[in-house]
Amino acid sequence: MVKAFLKAGCDVTKVPYNTKAEEIIKMRPHGIVLSGGPGDPTHLTDVLTEIRQIKEIPMLGIGLGHQLLALSQGAKIEKLKYGHRGASVPVRNETTGKVYISSQNHSYQVVNASVEGFGKISY
């Protein structure tokens, strides 16, 4: 991810997962990417507390980061019976119908998510 952002001309600052919200806000980033990682996102209560304190900075979550961002906004997480595993998992863009090949390795999913103005979102 870092290489892709750098290639796109972004300035990138990496911080550890346990960096306090106050420190991140002082950096004045244009956006925050919550990266992936292993484990049950519901166990990361300290991280959720920090994410909830950041209100004015756009955030994107990938994998575990996506789950943490969803939890911080009131969504629910559930463990998948078998998980998604593999390097050639097809994913279809429901708008265009185009199919992409993706790499998957996760055990949890976001359920019952709702975004103001967009209604219920299913994953």
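- Taking Ile, Leu, Val, Met, Phe, Trp and Tyr as members and joining any whose side-chain heavy atoms lie under 4.5 Å apart, directly or through other members, Leu80 forms no hydrophobic cluster with any other residue.
- Remark: Leu34 pairs with Ile32, Ile51, Met59, Leu69 by the side-chain contact (heavy atoms from CB on, under 4.5 Å) rule, at least two apart or across chains.
- Glu56 meets the salt bridge (Lys or Arg N to Asp or Glu O under 4.0 Å) test with no other residue; sequence neighbours excluded.
- Note that NZ of Lys20 and CD1 of Ile24 are 10.5 Å apart. Values are rounded to the nearest 0.5 Å.
- The salt bridge (Lys or Arg N to Asp or Glu O under 4.0 Å) check on Glu22 picks up Lys26, with sequence neighbours excluded.
- Judged as a side-chain contact (heavy atoms from CB on, under 4.5 Å), and not counting sequence neighbours, Pro38 has no contacts.
- When hydrophobic residues (I, L, V, M, F, W, Y) are linked wherever their side-chain heavy atoms come within less than 4.5 Å, the members clustered with Val2 are Met1, Phe5, Leu6, Val12, Val33, Leu60, Ile62.
- Sequence neighbours left out, the pairs with a member in residues 86-98 that pass salt bridge (charged side-chain N to carboxylate O under 4.0 Å, His left out) are Arg92-Glu94.
- With sequence neighbours left out, Ser102 forms a side-chain hydrogen bond (donor to acceptor under 3.5 Å, both in side chains) with Gln104.
- The salt bridge (charged side-chain N to carboxylate O under 4.0 Å, His left out) contacts involving residues 2-19 comprise nothing, where partners must be two or more places apart or lie in separate chains.
- Applying the side-chain contact (heavy atoms from CB on, under 4.5 Å) test to Arg28 and every residue at least two apart in sequence or in another chain returns nothing.
- In this structure Thr42 satisfies the side-chain hydrogen bond (donor to acceptor under 3.5 Å, both in side chains) test together with Asp40, sequence neighbours excluded.
- Under the side-chain contact (heavy atoms from CB on, under 4.5 Å) criterion, Asn93 pairs with Thr95, Thr96, Tyr100, sequence neighbours left out.
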